[in-house]
Structure formats: structure tokens, C-alpha cells
Amino acid sequence: MKKLLFLLSFAPLIFTACDEKDDDTVKPEKQNYPIVNDDNFNTTELKGRFSVELIDGTKKYKQAIFSQGNLQYRAATNEWRFANNQYDIIGESNCNIGKKLNGWIDLFGWGTSGWDSGAKSYQPWSAGTDSDDANKNYGVGNSCDLTGDYANADWGVYNTFKNGANRNWRTPTANNFDCLFSKRTNATKLFAVATANNVRGLILLPDSIWNAGINNFKYEIKDSIFDKNSNKKIELELHMYINGTDTIRIIPYSNSNKDLAWDVNIYSAEQWEILENNLNAVFLPAAGYRDDTYVNRVNNCGYYWTSIHCGNTDDINYSPFAYNLLFSSNSVNTSNYMGKFNGNAVRLISYIE
């Protein structure tokens with residue numbers, strides 16, 4: 001019987017930030033990414049379970065599943081859905097944002113679920129520029145999170161989705177992301193920079209990946225090796241064997257391999273399907289961000305909103321910022337923050353009861 005081989009290497013993780021602004025601004029140029037703006041809706045639910053919150057007074061974690069793709073919205077029909085594939089992104093076409101757009105967008109200002117929270121900018125098509133006045137238009141109750149009395153400003157709480165099943169969806173908190181990337185057991189071994197179907201992003205592996213026997217899964221750790229493909233030494237390697245016909249290699253994110261950038265973990269759509277179906281892996285695409293109608297850093301960085309505002313301001317009457325997850329090829333920051341007017345990607349989770 002043939003075996004499917006996975007190789008992982010890991011080293012201590014260092015969290016760093018990359019610049020919020022750069023010169024990769026695009027308007028109105030568009031590039032083609034693997035997405036079809038049609039009415040087909042993938043209803044297949046992801047199975048992977050991820051520790052996202054430590055239960056008070058215990059050493060146990062609450063687990064959640066991820067939506068099957070990033071959040072998307074079509075203004076012309078007021079429809080919400082999850083992307084059909086985890087690697088699907090809209091890209092530079094987000095510059096067409098508007099209340100009559102008969103196409104999909106996937107970069108949103110903070111708290112723009114469509115619920116009238118009292119904020120000036122609460123609609124999914126809301127756009128603004130980089131100024132305090134623009135940031136004041138977003139968010140709810142001045143310095144409030146998308147929780148409690150203002151939970152409806154959370155995209156997952158307020159809306160229904162064409163392919164969202166009957167789950168209670170919500171936007172992750174900053175602590176959820178911190179738990180995923182640094183607090184859960186074996187956290188630094190459970191994510192990797194990758195390219196899936198020509199789209200760059202991060203792979204997240206579920207907690208259960210370390211349970212020998214899952215899906216005929218076995219693993220072993222060996223000493224450092226020399227990777228002939230990259231011509232570099234990899235500090236440690238993890239061999240994972242799953243029944244299959246191909247050989248696929250995963251190198252988890254680590255500081256020692258940051259110079260490899262996006263040159264590792266490159267998968268075709270077919271190879272990604274193997275990872276998704278056998279390992280229950282999640283993929284967060286590097287969807288970039290939107291500044292008004294300018295789209296930046298698509299396929300280079302990922303910016304994902306949390307439901308938590310950031311109080312980093314001298315004005316106690318409002319908070320112009322909110323926390324987000326920011327990643328690039330060589331940095332992951334779970335406590336980054338941006339002005340609320342910026343359009344970020346949204347990936348919802350649902351707690352396992």
C-alpha cells in the first residue's frame with residue numbers, strides 16, 4: 001500500500017509585525033484569483049476542531065470550527081455567503097465596493113454587519129479614508145466591542161448565510177487568535193505559511209493532528225535534516241504518514257525558516273483537497289486590505305478582523321482602532337491593530353457545544 005508522506009519542521013516562534021501601509025496600492029487594476037462570482041454555494045462544513053479559548057480555572061480549552069471560507073457579500077441582492085473554497089479571494093475587485101454592486105466583496109470595515117448600531121458607517125459597502133473622522137464613523141458605542149448589547153454588529157451574529165448551516169457564527173476575538181497561534185498545546189507546530197492553488201496564506205492544523213491513529217495518521221520526530229529542495233538545513237522534521245498515492249510536504253512556520261518566504265509548501269488545488277479532507281486543515285488566504293477604494297497587499301499579507309476594539313488612543317470618547325490578525329511570509333501578529341475604516345477579511349468561527 002502506498003503512503004502519503006508529510007514532512008514538518010519547527011523551531012521557536014517569534015511574533016513580529018509588518019508594516020500596515022506599503023507601496024502595493026492598486027486602483028482600479030484587477031488581477032485574476034481563483035474565484036467565480038456565480039450563484040453556486042459550497043455547503044460542505046469543515047470538520048477540524050481548534051482550541052480557541054482556555055476555560056477559566058482549568059487546563060482545558062473551548063474548541064471551535066471555522067467557516068468553510070472567508071466571508072463574502074453581494075450588495076445588489078443583499079446576500080452573504082462563505083467562499084466556496086478556502087483559498088478563494090476577491091482581490092483587487094474589492095475596489096468596486098458600493099451599495100449597488102452586483103458582484104462579491106470580501107474586505108469589510110470594522111463592525112459593518114448591516115445592523116444599524118448608531119454608527120455612521122455600518123453597511124457592508126461602507127468605505128472611508130485614513131483619518132480620525134473616518135474612523136469615528138465606524139464601530140459601536142464609541143469604545144465597545146462587537147459583543148453584548150452591540151453583538152449584532154458582528155457579521156456572524158446578525159446575518160444568515162447561503163451556505164452557513166444552522167450554526168451560531170461569530171467573529172474571533174484577539175484572544176481566540178492568540179490561543180490558536182501561541183497558547184494551545186503544540187501551537188507552534190500547528191500552522192504554516194503556504195500557497196494553495198496559487199493563493200498565498202496560512203495553514204492551520206487542528207488539535208487532533210497529534211492524536212496518533214486519526215485517519216491512519218502516524219508520526220515520528222527526527223533530528224535536523226538538510227533539505228535538498230531549498231538547499232537549507234531544517235532544524236527538526238516531523239514525518240506524518242497517511243494512506244494515499246502522492247507525497248506532500250509541510251514545513252510549519254518558524255523563525256529559522258523565515259527566509260524561505262513563500263517558496264515552501266506550494267500545493268495545487270488537488271493537493272490542497274488532500275490536506276483539507278485528510279488532515280481537516282484550515283487555510284487563511286492572504287486577502288490583503290482595502291483603504292477606501294484602494295486595495296493593498298493582496299496575495300502578500302492577510303488582515304483578519306477580530307471583534308475587539310483597541311483602546312490605543314488619547315481620546316477617551318472613542319477608539320479609532322480595532323485588533324486584527326496580521327500575517328505575511330515571515331511574520332504573524334495576533335495583536336496588531338488598524339483603523340476601523342480599513343477593509344479587512346473576516347473568517348468566522350462557531351464554538352463546539
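What you are looking at is a predicted structure, and each value in this text was computed from that prediction instead of being measured.
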Report the distance from atom [atom1] of [X] to atom [atom2] of [Y], rounding to the nearest 0.5 Å.
X	Y	atom1	atom2	result
L190	T185	CG	OG1	9.0 Å
L204	N280	CG	CG	12.5 Å
L348	Q68	CG	CD	10.0 Å
N296	N94	CG	CG	11.0 Å
Q271	E276	CD	CD	14.0 Å
C95	I105	SG	CD1	11.5 Å

Heavy-atom closest contact ([X] atom, [Y] atom, distance):
X	Y	result
Y158	G114	CE2-C, 3.7 Å
L180	S51	CD2-O, 3.8 Å
A75	W125	CB-CE3, 4.0 Å
N265	A192	ND2-CB, 3.8 Å
N168	S350	O-OG, 3.3 Å
F108	L71	CE1-O, 3.6 Å

Quick check against the 3.5 Å criterion: does [X] have a side-chain atom that pairs as donor or acceptor with the backbone of [Y]?
X	Y	result
N336	N333	no
N342	D291	no
N176	V52	yes
T58	I55	yes
D178	T334	no
Q86	P285	no
W169	G164	yes
N163	F82	yes
D88	N85	yes
N152	S117	no

Do L101 and V346 belong together in a cluster built from hydrophobic side chains that touch within less than 4.5 Å? yes

So does D116 have more than 12 non-hydrogen atoms from other groups sitting under 6.0 Å from CG? yes

Given T171, N344, N70, the one that forms side-chain hydrogen bond (donor to acceptor under 3.5 Å, both in side chains) with Y304: N70

With the side chain counted from C-beta on, respond yes when [X] and [Y] share a heavy-atom pair under 4.5 Å apart, and no when they do not.
X	Y	result
S126	T112	yes
K183	L54	no
N175	I308	no
S307	D145	no
S121	F341	no
C179	Y61	yes
I65	R167	yes
Y303	N324	yes

Criterion side chain to side chain contact (heavy atoms under 4.5 Å, CB included) on V193 and L202, from CA distance to verdict: CA-CA 5 Å; V193 172; L202 284 183; 3.9 Å; yes

Determine the interplanar angle of the Y73 and W80 rings, folded into 0 to 90°, and report it as parallel if under 30°, tilted if 30 to 60°, perpendicular if over 60°. tilted

Below 30° counts as parallel, above 60° as perpendicular, anything between as tilted: where do the rings of Y337 and Y323 land? perpendicular

Pair D207-Q63, side-chain donor/acceptor within less than 3.5 Å: yes

Between N330 and S328, do the side chains contain an N or O donor and an N or O acceptor separated by less than 3.5 Å? yes

Aromatic contact, F283 with W272 (centres under 6.0 Å): yes

Would a line drawn from the ring center of W305 to the ring center of F177 be shorter than 6.0 Å? no

Evaluate V282 against R347 for side chain to side chain contact (heavy atoms under 4.5 Å, CB included), listing each step before the verdict. CA-CA 11 Å; V282 161; R347 190 65 173 270; 4.1 Å; yes

L275 vs Y267, side chain to side chain contact (heavy atoms under 4.5 Å, CB included): CA-CA, chis, key distance, verdict: CA-CA 9 Å; L275 291 174; Y267 310 113; 3.7 Å; yes

Starting from the C-alpha separation in whole Å, work towards a yes-or-no answer on side chain to side chain contact (heavy atoms under 4.5 Å, CB included) for N84 and R81. CA-CA 9 Å; N84 284 326; R81 74 173 182 183; 4.0 Å; yes

